[in-house]
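The structure appears below as structure tokens.
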Number of protein chains: 2
Amino acid sequence: MQKEHNLSKNQKIIFDLIDKSGGPMKAYSILFSVQKKGIKAPLQVYRALDKLVEIGKIHKIESRNAFIACQNSSCQISKATAFSICESCENVSEISNSKLSKYLSNFSDNSGMKYSKYNLEFFGLCKKCKSK
Amino acid sequence: MQKEHNLSKNQKIIFDLIDKSGGPMKAYSILFSVQKKGIKAPLQVYRALDKLVEIGKIHKIESRNAFIACQNSSCQISKATAFSICESCENVSEISNSKLSKYLSNFSDNSGMKYSKYNLEFFGLCKKCKSK
DNA sequence: CTTCTAAATGTTATATTATTACATAATGTT
DNA sequence: AACATTATGTAATAATATAACATTTAGAAG
Ligand SMILES: [Zn+2]
Ligand SMILES: [Zn+2]
Ligand SMILES: [Zn+2]
Ligand SMILES: [Zn+2]
């Protein structure tokens with residue numbers, strides 16, 4: 001079970017927005033959407049995003065500079081993330097595959113590195129875009 | 001064998017700089033370093049970087065907005081990249097592990113996505129930083 | 001060698017993404 | 001109440017990346 005975090009006002013506004021959007025959102029698009037709720041400055045958005053990433057409620061899609069709500073709410077995998085990204089329609093979804101996460105979490109090589117976190121992004125074409 | 005590409009003047013200047021640096025470099029730090037060679041504008045740097053990424057001579061470290069020379073010059077893996085990143089000293093190295101790349105290249109799930117590319121970033125502490 | 005085309009370059013301006021710095025307020029703990 | 005921690009508000013600015021347009025260079029085709 002994931003630890004329950006009491007989100008602050010700004011954190012809640014921003015998390016709800018991202019969560020309801022169902023897909024990745026960019027920081028300045030978030031900013032635009034929450035201005036009517038009194039969040040006026042980029043920093044207010046980035047601070048909430050940082051915190052939400054830290055506690056695992058959202059993840060950053062690094063290749064897109066965008067943020068998506070965690071789609072595995074019941075498990076704590078914010079340090080082991082995998083995404084599937086359609087290069088045509090930009091649809092993103094979080095991959096939840098226990099064999100994959102086990103394989104990557106246990107990965108080690110002879111470099112002497114101690115790995116504590118990973119992020120994997122797969123790119124390709126989704127079902128819809130393939131058949132166009 | 002990787003296809004031989006004749007790099008253009010700017011591409012060669014920028015590739016040589018990144019390659020010789022031995023680590024990841026950021027676009028504007030590259031720009032600063034090549035100004036004495038006549039490359040004056042960000043776009044000149046970004047165009048060369050885009051091309052070098054496309055042909056696999058360099059890779060972008062997405063989580064760092066930085067570019068590193070491919071450390072697997074003999075193989076064509078620009079569409080299947082894996083990196084190890086030290087969160088303390090920011091040392092980055094390209095992981096060349098055939099089992100890992102085979103596992104990921106063959107990965108598929110029931111989402112209907114057809115994967116053609118992936119990028120994996122491992123984070124942790126390198127040997128040196130661990131023992132501090 | 002000439003014509004055509006694709007790729008690369010040069011230049012200016014601008015868009016997008018993210019952080020620094022400083023002041024204040026709210027929340028939780030002892 | 002005193003203290004520490006976390007969150008907020010605001011302004012300015014830094015860092016990263018692209019748009020638009022003109023020109024030049026390098027290859028391919030005839
Ligand atoms: Zn998640
Ligand atoms: Zn698609
Ligand atoms: Zn490589
Ligand atoms: Zn290190």
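Below, read A as the first sequence line, B as the second, and so on, with proteins coming before strands; counting in each chain starts at 1.
- Using cut-offs of 30° and 60° on the angle between ring planes, the pair Y118(A) and F122(B) is perpendicular.
- In this structure, K26(A) reaches the dT17(C) phosphate: one of its side-chain N or O atoms is under 4.0 Å from OP1 or OP2.
- Residues K60(A) and I68(A) form no side-chain contact, since every pair of their non-hydrogen atoms from C-beta on lies 4.5 Å or further apart.
- Taking atom NZ on K9(A) and atom P on dT24(C), their separation rounds to 19 Å, with Å as the unit.
- Look at CG on D50(B): it is 14 Å from C1' on dT9(C), rounded to the nearest Å.
- Between the CZ atom of F32(A) and the C1' atom of dT17(C) there is a distance of 18 Å, rounded to whole Å.
- Under the 3.5 Å distance criterion, the side-chain polar atoms of Q11(A) are matched with a main-chain donor or acceptor of S8(A).
- Heavy-atom distances to DNA chain D give each of A48(A) and P42(A) a nearest nucleotide, and the one nearer the 5′ end belongs to A48(A).
- In terms of heavy-atom proximity, C126(B) sits nearest to C89(B) at SG-SG, 3.8 Å.
- Reading DNA chain D from its 5' end, the first and the last nucleotide to sit under 4.0 Å from a heavy atom of chain A are dA7(D) to dA11(D).
- Within a 6.0 Å radius of NZ in K130(A), other residues, nucleotides and ligands contribute more than 12 heavy atoms.
- Mapping I39(B) and N65(B) onto DNA chain C by nearest heavy atom places I39(B) closer to the 5' end of the strand.
- Rounded to a whole Å, the CE atom of M25(A) is 15 Å from the C1' atom of dT16(C).
- Listed for the D19(B) side chain is no donor-acceptor partner under 3.5 Å among the backbone atoms of F15(B).
- DNA chain C is contacted by both R64(A) and A41(B); A41(B) maps to the nucleotide lying nearer its 5′ end (nearest heavy atom per residue).
- Using a 4.0 Å cut-off, some side-chain N or O of Q44(B) falls inside it from OP1 or OP2 of dG10(C).
- A straight line from OH of Y46(A) to P of dT20(C) spans 13 Å, rounded to a whole angstrom.
- A straight line from CD1 of I30(A) to C1' of dA18(C) spans 13 Å, rounded to a whole angstrom.
- For L43(B), the side-chain atoms get nearest to dT11(C) when compared with the rest of dT11(C), dT16(C), dT9(C).
- For R47(B) and dA7(C), the CZ to P distance is 14 Å, given to the nearest whole Å.
- A donor-acceptor contact under 3.5 Å is not formed by the side chain of Y28(A) with the base of dA15(C).
- As judged by a 4.0 angstrom heavy-atom cut-off over every strand, K60(A) is placed among residues touching the sugar-phosphate backbone only.
- Within the 4.5 Å cutoff, no side-chain heavy atoms of E121(A) are placed close to those of S84(A).
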